[in-house]
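Report on one structure; see the data block that follows.
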Amino acid sequence: MAIPTLGRLQRAALTGGLAGLVFFGTMPAVEAAESIRVLLASDVHGLEARAETVLWVTDAQNRAHPFKSALHVEVRGNTFLINGTRMAGDRITLRAGDHDLKLWVPRSHGGTNGSSVQSTDEKTALHVSGQVHLLRRGKGALVINQVDLEEYVKGVVPAEVNSAWHPEMLKVQAVAARTYALYQHMLSASRDYDVAASIQDQVYRGRQGVDARVQEAVESTRGLVVTYDGAPIYAAFSSTAAGLTEDAMIVWSKDLPYLKGVECPFDVESPYYQWKASFKISTLERNLRSQGFSLGTIATITPVSFSRAGRVAKLRILHSKGELIVRGEDLRKAVGYTVIPSTQFTIESIGQDVVLVGYGAGHAVGLCQWGAKELAELGYSYSTILQYYYPGTELQNAALTKMPPVPSS
């Protein structure tokens with residue numbers, strides 16, 4: 001299928017802000033001072049760590065203990081057991097100076113919501129820079145990588161997009177990832193971590209996939225973030241819009257002026273542009289009940305309202321105990337985000353299985369990754385692409401930004 005020609009309004013939107021963005025895109029960048037706390041895994045009962053030098057473990061009393069280049073850590077009640085040595089307290093920190101740490105977390109105690117660290121397989125070990133904190137929570141522990149912001153961004157870009165994509169698209173992803181992380185960092189002071197290393201926030205795999213193209217994209221945009229009224233934005237992005245991008249109010253009930261829908265006819269080459277999915281109606285019943293919905297045996301499922309972009313906003317579920325109204329996103333959550341790629345669907349049939357036919361992948365709020373890829377290939381700059389998908393925004397150095405407001409609902 002051929003790429004659609006840009007309409008006059010789209011061209012105006014894309015080119016109108018170019019002059020205003022060139023200054024920001026070429027302004028001298030300064031070193032970002034922030035480090036980001038990345039949740040690698042939760043409910044962990046043990047892990048292994050290695051380094052090419054001495055490993056240092058700092059205990060809850062801030063005492064540093066040297067170990068040789070390999071560690072085996074277990075969570076035992078109110079203590080950590082490290083190579084057989086007990087350390088009491090609710091936290092320990094692992095570091096190896098300027099060297100990377102190589103981590104393994106047993107699969108049975110894997111990460112949260114698709115976290116990257118889930119295997120004892122040598123090939124899937126995670127290489128990270130910075131420090132690794134283990135915080136006891138309940139019967140297990142959180143594993144948190146505290147890493148320099150720019151190094152974090154390098155670990156996100158190849159995990160979210162293909163590093164062989166156009167250099168301008170890699171810059172788009174780098175700036176969006178940096179902006180998202182800084183936004184979360186500024187609002188997460190009361191939390192144990194800033195972001196999760198998974199689709200819960202944005203996928204992060206440490207050094208994996210970081211090549212020269214990724215390095216160039218991150219370094220050439222170092223310190224730059226997308227701002228609205230001088231503050232970093234909630235830089236949402238997803239794979240494939242397949243039409244209009246979505247308003248954040250529809251998906252998350254958050255009124256954000258820069259997350260309004262824009263036309264996106266640029267992603268038709270995405271493998272997720274059109275899809276067909278099916279799932280057991282019994283699975284839907286079970287999962288909706290587990291999420292707190294009260295319902296009996298489902299008879300029918302009917303979309304009753306749609307967003308301006310044509311996605312299913314609400315569905316009516318008739319069941320043996322009455323009627324239930326759920327959001328389109330509730331259906332995705334109940335069945336699985338990978339099973340139902342988006343809420344832009346029609347119901348083809350309902351029996352023991354529900355069959356859907358749809359378009360796009362992800363929540364479709366903000367940046368469309370496949371759309372940005374095509375725009376980069378058409379010759380648009382990363383700054384122009386970002387302004388198109390985040391209307392009313394500017395690029396600014398992270399050091400000059402202010403605290404973002406809490407989104408209104």
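Everything numeric in this text was worked out from a predicted model, so none of it was measured.
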- Listed once per pair and sorted, the ring-ring contact (aromatic ring centres under 6.0 Å, His included) pairs that draw on residues 327-359, sequence neighbours left out: Tyr273-Tyr359
- Any donor-acceptor N or O pair under 3.5 Å, side chains Asp194, Ser188: yes
- Single hit among Arg178, Gln173, Glu150 for side-chain hydrogen bond (donor to acceptor under 3.5 Å, both in side chains) with Thr221: Arg178
- Query: Is the count of non-hydrogen atoms from other residues, nucleotides or ligands lying under 6.0 Å from Glu52 atom CD greater than 12?
  - Reply: no
- Residues that Phe67 engages under ring pair (Phe, Tyr, Trp, His ring centres under 6.0 Å), provided they are two or more places apart: none
- Residues which pass ring pair (Phe, Tyr, Trp, His ring centres under 6.0 Å) with Trp165, listed by chain and number, not counting sequence neighbours: Trp370
- Task: Can you spot which of Gln344, Lys314, Glu246 makes a side-chain hydrogen bond (donor to acceptor under 3.5 Å, both in side chains) with Ser307?
- Result: Glu246
- Message: Under 3.5 Å, is there a donor on one side chain and an acceptor on the other for Asp267 and Tyr272?
- Response: no
- Donor-acceptor contact present, side-chain Ser320 to main-chain Thr297, <3.5 Å: yes
- Heavy atoms of other groups near Gln352 CD, more than 12 under 6.0 Å: no
- Message: Ring centres under 6.0 Å, that's the criterion: do Tyr258 and Tyr228 meet it?
- Response: yes
- Message: So if I apply the side-chain hydrogen bond (donor to acceptor under 3.5 Å, both in side chains) rule between Ser35 and each of Gln146, His185, Gln131, which one comes out positive?
- Response: Gln146
